[in-house]
Amino acid sequence: MTTTTTIPSGRIGELVRYFLRLGFLGFGGPIALVGQMERELVDQHKWLTKEQMREAIAICQSLPGPLAIQVGVYVSYLRGGFWGAWAGGWAFILPNFVIVASLGALYVYLGDLQPVTAIFYGVSPAVIALILHSCYRLAKLGMEDWLQWIIAAVCFAVTIILQAEVALLFIGAGIVGILYYGSLFKRTPPALSIAVVPVLAQIGPAATSSSLLGKLLLFFLKAGSLTFGSGLVIVPFLEQGLVQQFGWLDQRQFLIAVAIGMISPGPVVITATFVGYLVAGFWGSLVSTIGIFLPSFLLVLIVAPMLARHRGNPNVQGFVKGAYAAAIGTILGACVLLGRIAIGDWLTALIGLASLAILFRWKVSNPLLIAATGVVGLIAFPLLQPTWVMVH
């Protein structure tokens, strides 16, 4: 990861313009966004070579954090140096922040209206289907052998039964990966610590600040280091912290927050912005957004250069494999926990199953599926008047 000492004038400006546009129009999830960057920045703009882009993707996949944002920060670093990385990365995030914070404000002022409850009556089971479908794609992409499936099964069980600290599951799974796939007993190379330190560095102590904004910042700084494999990995961690530990949201509100994150442009972790607004208004949304994304900048700018030199190290690869398997297990566990809230009658079960079938059969965009199920909810809710739906 190298750059020139002087950056030609205008490069930071062009980075900001490009990533503002991508952040505003970038639907389709991390794989789609990364693919779009590769087409536009390599083939059209000629900012990078194919080799540089492929290396950027490989390195960022080895780090915890939302993949698309990290690739954007890495590309911005190569193109515009240190300050280009900060400018391009936050430009990528800004449109997502404005959209989701605005939705948070609307929900705070309109959330008690029956039409809003009706919409999310239909949307919530579709969200479960979206998470399951994404988990299936992630499993096909990165689950390679029996040990990873055992790790996933253990994390699945722990998430459901004990609702233990997800951070410890990831670290433990990573250590198992190092022991099995790595070369720890042959010879421990200096690069061994690279895979573990990024996660440990952000976990730290639990939030002890008396300020609500301080607690939000520390909570989302911690969460920002736990998105191995996909932004969806953050769902079980957020559910435990926001609903079980702090009680900032109820489970219905949490499902709505996940839905907003999935239908908005940009990464799923933009859910943090919506959560922050519900908990502490605009400043809460700003603090939560900074907290969830700041670890990605630090990891790309500090750890990625080391990982670029050592990503072939078997211990680094072993940690990533173990953490990836933990991600699959915790996502599935979160689906079970959230499914108990989202699915409570025959119609929501039908919506969930139909949504899952549609996702496997056709390439339907997330916003289109959410819009369709929202309409179903609007029509069916006043007719069925389900009393099990939590209305807060």
Side-chain angles (χ1 to χ4, degrees), residues 23-24 27 93-128 130 211-217 219-220 223 234-235 238-239 241-293 338 341-342 344 348 351 366-392:
F24 186 71
F27 290 94
I93 294 163
L94 180 61
N96 315 149
F97 170 77
V98 172
I99 292 169
V100 176
S102 300
L103 291 172
L106 285 173
Y107 180 78
V108 166
Y109 291 106
L110 302 177
D112 289 334
L113 296 180
Q114 180 172 305
V116 176
T117 303
I119 288 171
F120 286 103
Y121 168 71
V123 163
S124 295
V127 171
I128 303 300
L130 283 166
S211 163
L212 181 57
L213 292 179
K215 289 181 178 180
L216 275 171
L217 178 62
F219 176 77
F220 281 109
I234 208 172
V235 170
L238 292 185
E239 195 274 339
L242 298 172
V243 179
Q244 307 293 337
Q245 182 180 356
F246 294 108
W248 287 334
L249 303 180
D250 61 49
Q251 288 181 310
R252 173 66 53 182
Q253 290 172 324
F254 178 71
L255 265 176
I256 292 170
V258 174
I260 294 296
M262 297 192 78
I263 65 175
S264 303
V268 176
V269 296
I270 201 67
T271 294
T273 302
F274 188 84
V275 169
Y277 200 100
L278 265 59
V279 175
F282 172 78
W283 294 111
S285 67
L286 182 62
V287 162
S288 299
T289 304
I290 291 172
I292 201 71
F293 287 112
L338 295 173
I341 305 302
T348 47
I351 291 172
N366 291 1
L368 180 60
L369 181 64
I370 294 297
T373 53
V375 171
V376 172
L378 274 174
I379 296 171
F381 187 84
L383 296 175
L384 299 178
Q385 296 184 354
T387 57
W388 62 270
V389 178
M390 295 167 57
V391 181
H392 293 272

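- With sequence neighbours left out, Pro386 forms a side chain to side chain contact (heavy atoms under 4.5 Å, CB included) with Tyr121, Asp345, Phe381, Leu384, Trp388, Val389.
- The distance from the CZ atom of Phe220 to the CG atom of Leu217 is 10.0 Å, given to the nearest 0.5 Å.
- Interatomic distance, Leu110 CG to Thr117 OG1, rounded to the nearest 0.5 Å: 11.0 Å.
- Between the OG atom in Ser288 and the CZ atom in Phe219 there is a gap of 9.0 Å [rounded to 0.5 Å].
- Taking each heavy atom of Gly377 and Pro382 in turn, the nearest pair found is O-CD, 4.2 Å.
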Test side chain to side chain contact (heavy atoms under 4.5 Å, CB included) on Trp248 and Val275 and set out the steps. CA-CA 9 Å; Trp248 287 334; Val275 169; 5.7 Å; no

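- Scored by the side chain to side chain contact (heavy atoms under 4.5 Å, CB included) test, Ala280 finds Leu212, Leu213, Leu216 as partners (sequence neighbours excluded).
- Put simply, CD1 on Ile270 and CD1 on Ile93 are 7.0 Å apart, with the number rounded to the nearest 0.5 Å.
- The two atoms that bring Pro125 and Ile351 nearest to each other are CG-CG2, 3.7 Å, heavy atoms only.
- When side chains are defined from C-beta on, Leu255 counts as touching Ile128, because their heavy atoms get closer than 4.5 Å.
- Considering only heavy atoms from C-beta on, Leu130 comes within 4.5 Å of Ile370 through its side chain.
- Screening Ile99, Leu249, Val279, Ile260 against Phe274 for a side-chain contact (heavy atoms from CB on, under 4.5 Å) leaves a single residue, Ile260.
- For the atom pair CD1 of Ile292 and CG of Leu238, the computed distance is 6.0 Å after rounding to the nearest 0.5 Å.
- With rounding to the nearest 0.5 Å, the separation of CG in Leu378 from CG in Leu383 is 11.0 Å.
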